[in-house]
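Below: the structure, in structure tokens.
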Amino acid sequence: MRDKITPRSEDYSEWYTEVIRKAELADYAPVRGCMVIRPYGYELWENVKAGLDRRFKETGHENAYFPLFVPMSFIEKEAQHVEGFAPELAVVTHGGGKKLEDPLVVRPTSETVIGYMYSQWIQSYRDLPVLINQWANVVRWELRTRLFLRTMEFLWQEGHTAHATAEEAQEETLRMLDVYTDFAVNDAAIPVIPGRKSDSEKFPGANASYSIEAMMGDRRALQSGTSHNLGQNFAKAFDIQYQDGNGAQQYCWTTSWGVSTRMVGAIIMAHGDDQGLVLPPRLAPTQVVIVPIYRKDAEQSTVMEAIEKIEAMLGQNIRLKVDRRDEYSPGWKFNEWELKGVPLRIEIGPRDIAKDQVVLARRDMPGRDGKSFVPLAGLADIVPDTLTNIQDNLLGRAIEFRDTNISEPSDYNSLRAAAAQGFARAWWCGEVACEDKIKDDTKATTRCIPLDQPGEGGNCIVCGKSAEEIAIFARAY
RNA sequence: CGGGGCGUAGCGCAGCCCGGUUAGCGCGUCUGCUUUGGGAGCAGAAGGUCGGAGGUUCAAAUCCUCUCGCCCCGACCA
């Protein structure tokens with residue numbers, strides 16, 4: 001906390017870990033691959049949750065809670081699902097001092113239990129659609145973990161819906177992808193690319209998977225949210241049937257979609273700089289911090305009185321913190337709040353009070369550029385405006401960064417170079433062989449086939465055969 | 001699971017190769033005084049089963065064997 005952090009350009013990975021630990025977002029737990037989310041990090045997550053939860057409710061979803069333990073036999077019911085998840089399951093074999101007859105799996109995701117319950121609840125077309133979300137923890141036995149990006153246990157939300165028709169399920173899948181995009185862009189200020197996953201990157205058990213892909217500060221891709229059209233796969237495995245208007249039994253069409261604590265990692269890596277975190281105002285636990293400056297006791301009381309006026313002026317709508325600690329110097333506090341990514345800082349001392357002004361310092365513009373003197377009387381307007389401006393600036397900056405690092409190579413050699421340095425957009429025929437060749441040569445994988453397509457066709461960047469769609473290739477986390 | 005690195009005070013490390021008094025240093029912590037507009041200064045103090053077990057030796061943080069854990073790189077990663 002007290003020392004400088006490793007510059008981003010020098011060692012991105014080290015920078016990432018140091019920022020998380022020094023800003024007190026999270027810490028390593030005594031169990032390998034697990035993390036403790038500390039209060040500051042948890043508050044950030046709570047703001048992510050609030051932004052998503054509001055959107056879920058606005059689109060007609062309800063929250064519920066399903067159990068942590070899943071019978072092993074459930075996981076085995078859907079062939080692709082078990083194949084995909086078997087290697088990373090945590091299995092409970094003993095309970096109450098006895099070996100269990102049937103082992104229990106700690107949920108890696110909840111399609112199976114929820115599918116089972118849906119089969120009990122759904123009888124008629126009148127029961128549909130079922131639109132449920134749960135906020136929960138899940139466990140996947142990951143071999144290699146990184147704070148927030150991939151931990152053995154993580155927090156997320158998983159939405160699970162059941163519909164009468166394939167069309168409705170597809171609409172829902174894309175609607176939720178759109179909700180994620182809206183959240184990422186407007187709340188997290190991360191300009192994601194929504195698209196469809198290639199078959200090899202698809203969720204085990206899905207007919208089609210979609211994701212939002214974000215570009216991190218090191219130009220690598222981070223899958224930041226997924227939405228799956230599960231077709232009738234889980235409905236058939238768990239016998240989720242309804243009687244239609246003609247009295248015939250039909251299988252439901254289901255979807256699932258999720259965003260996890262990985263989103264916190266995305267926020268850190270999309271906006272952070274050498275000073276530390278840079279949080280978008282919409283999600284920042286503290287939006288404005290006030291640092292008082294004084295020498296003598298008399299000055300202190302004058303400054304504190306002025307601060308009380310500012311607090312009253314800014315009201316309840318701004319997440320405000322006054323740093324009253326006496327044991328640290330103003331300079332020390334400036335550095336600490338910058339490390340913690342607080343979007344806006346107000347500095348106020350005797351000289352300012354004499355002129356009825358304060359100093360505003362913007363986190364998105366380090367140093368003198370971000371500092372300005374503003375009249376105390378105008379703060380009620382200026383502070384909210386500046387926060388909005390910072391939010392917009394972060395998004396604008398991230399869009400510009402992403403766009404300058406997406407290239408459109410026209411031949412395979414330039415693709416190789418492009419994929420090493422950022423995102424590459426190129427025609428792809430859809431063959432796994434071509435995908436694999438790119439992966440072997442560049443470590444870049446198919447991130448997604450963007451929803452936004454040029455329309456006409458082209459030739460596959462690898463094999464030259466005709467291709468209908470453009471895909472994004474990049475190295476991913 | 002393969003390759004590499006590291007476990008010594010709350011944190012970061014030195015000491016180990018070449019065994020030898022009471023195991024050091026920086027930061028932080030505590031007390032006091034002076035300070036406070038970009039990471040304050042001085043003085044004093046507290047804080048250690050040297051990851052664990054076994055072995056060699058008159059003597060082990062140091063040498064040997066085993067073991068546990070963590071980090072990094074790779075493979076893997078809905």
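Treat the numbers as computed from the prediction; the structure is a model and nothing was measured. The chains referred to below are lettered A, B, ... by the order of the sequence lines, with proteins before strands, and numbering in each begins at 1.
Here the separation of rG52(B) from rC6(B), taken at their C1' atoms, is 16 Å to the nearest Å. Across the C1' atoms, rC58(B) and rC11(B) are found 38 Å apart, a figure rounded to whole Å. A gap of 15 Å separates the C1' atoms of rG19(B) and rG55(B), to the nearest Å. rG15(B) sits 16 Å from rU21(B) when the C1' atoms are compared, rounded to a whole Å. For rG12(B) and rC70(B), the P atoms lie 16 Å apart once the distance is rounded to whole Å. For the P atom pair drawn from rC50(B) and rU8(B), the interatomic distance equals 11 Å after rounding to whole Å. Rounded to whole Å, the separation between the C1' atoms of rU22(B) and rC33(B) comes to 32 Å. Here the separation of rA61(B) from rA9(B), taken at their C1' atoms, is 14 Å to the nearest Å.
Scanning both residues, Phe423(A) and Arg219(A), for their nearest heavy atoms gives CE1-O, 3.8 Å. For the pair Ala380(A) and Leu314(A), the tightest heavy-atom approach, listed with the atom from each and the gap, is CA-CD2, 4.1 Å.
Atom CD in Glu18(A) sits about 15 Å away from atom C1' in rC27(B), given to the nearest Å. Regarding Phe373(A), its CZ atom lies at a distance of 15 Å from the P atom of rG37(B), rounded to whole Å. Atom pair Glu14(A):CD and rG5(B):P shows a separation of 18 Å (rounding to whole Å applied). In this structure, CG of Asp11(A) is placed 18 Å from P of rG5(B), rounded to the nearest angstrom.
Checked for salt-bridge contact, Arg295(A) and Glu299(A) miss the test: no charged N lies under 4.0 Å from a carboxylate O. In summary, Lys437(A) and Glu435(A) do not engage in a salt bridge, as defined by a charged side-chain N under 4.0 Å from a carboxylate O. Between Arg325(A) and Glu336(A) a salt bridge is recorded (basic side-chain N to carboxylate O distance below 4.0 Å). The existence of a salt bridge linking Arg447(A) and Glu201(A) is confirmed by a sub-4.0 Å separation between a basic side-chain nitrogen and an acidic carboxylate oxygen.
Between Asn393(A) and Asp364(A), the side chains place a donor N or O and an acceptor N or O closer than 3.5 Å (distance only, hydrogens not considered). At a cut-off of 3.5 Å, with distance as the only test, no side-chain donor of Asn335(A) or Tyr328(A) sits close to an acceptor on the other residue.
Base engagement by Gly349(A) is indicated by at least one non-hydrogen atom pair under 4.0 Å involving a base atom. Residue contacts shown for Phe154(A) include a base, since a base heavy atom lies under 4.0 Å away. Using a 4.0 Å heavy-atom cutoff across all strands shown, Lys296(A) reaches no nucleic acid atom at all.
Toward the 5′ end of RNA chain B lies the nearest nucleotide of Glu327(A), the other residue of the pair Glu327(A) and Arg146(A) mapping further downstream. In terms of position along RNA chain B, the nucleotide closest to Lys443(A) lies nearer the 5' end than the nucleotide closest to the other residue of the pair Lys443(A) and Gly205(A).
Seen from the ring of Trp337(A), Arg345(A) does not count as a face-on cation partner, given the 6.0 Å and 45° thresholds.
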Which pairs of donor and acceptor atoms, one on a side chain in residues 145-155 of chain A, lie under 3.5 Å apart (sequence neighbours left out)?
from: Arg146(A); atom 1: NH2; to: Ser13(A); atom 2: OG; distance (Å): 3.1
from: Thr151(A); atom 1: OG1; to: Glu153(A); atom 2: O; distance (Å): 2.8
from: Glu153(A); atom 1: OE2; to: Asn137(A); atom 2: ND2; distance (Å): 2.8

Contacts table for residues 300-311 of chain A: side-chain donor-acceptor under 3.5 angstrom, sequence neighbours left out:
from: Ser301(A); atom 1: OG; to: Asp297(A); atom 2: O; distance (Å): 3.3
from: Ser301(A); atom 1: OG; to: Ala298(A); atom 2: O; distance (Å): 3.0
from: Thr302(A); atom 1: OG1; to: Ala298(A); atom 2: O; distance (Å): 2.8
from: Glu311(A); atom 1: OE1; to: Arg324(A); atom 2: NH2; distance (Å): 3.3

Listed pairs, N/O of protein and of nucleotides 68-70 of chain B, under 3.5 Å:
from: rC70(B); atom 1: OP1; to: Arg32(A); atom 2: N; distance (Å): 2.7

List every contact pair, protein side and nucleotides 33-35 of chain B side both N or O, where the distance is under 3.5 Å.
none

Can you pull every protein N or O that's under 3.5 Å from an N or O on nucleotides 43-45 of chain B?
none

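Each of rG39(B), rC76(B), rU36(B) was ranked by its minimum atom distance to the side chain of Pro330(A); first place goes to rU36(B). The side chain of Tyr294(A) lies closest to rU36(B) when the candidates are rU36(B), rG37(B), rG39(B).
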*CA sep, side-chain torsions, deciding dist, call: Glu172(A), His61(A), side-chain hydrogen bond (donor to acceptor under 3.5 Å, both in side chains)*: CA-CA 11 Å; Glu172(A) 169 76 2; His61(A) 301 84; 2.7 Å; yes
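Between Ser329(A) and the phosphate of rG39(B), there is no side-chain N or O to OP1/OP2 separation shorter than 4.0 Å.
We find the OG1-CZ distance between Thr446(A) and Arg196(A) to be 11.0 Å, quoted to the nearest 0.5 Å.
RNA chain B forms stems at B:1-7 with B:68-74, B:10-13 with B:24-27, B:29-34 with B:40-45, B:51-55 with B:63-67, each a run of 3 or more consecutive Watson-Crick or G-U wobble pairs whose two key distances fall under 3.5 Å.
For the pair His160(A)/Thr255(A), no side-chain contact is recorded, criterion being any heavy-atom separation below 4.5 Å from C-beta on. Looking only at side-chain heavy atoms (C-beta outward), Leu25(A) and Arg38(A) stay at 4.5 Å or farther from each other.
You'll find a donor-acceptor pair under 3.5 Å spanning the side chain of Arg345(A) and the base of rG38(B), going by distance alone. Scanning atom types as modelled, one donor and one acceptor separated by under 3.5 angstrom connect the side chain of Glu338(A) and the base of rG38(B).
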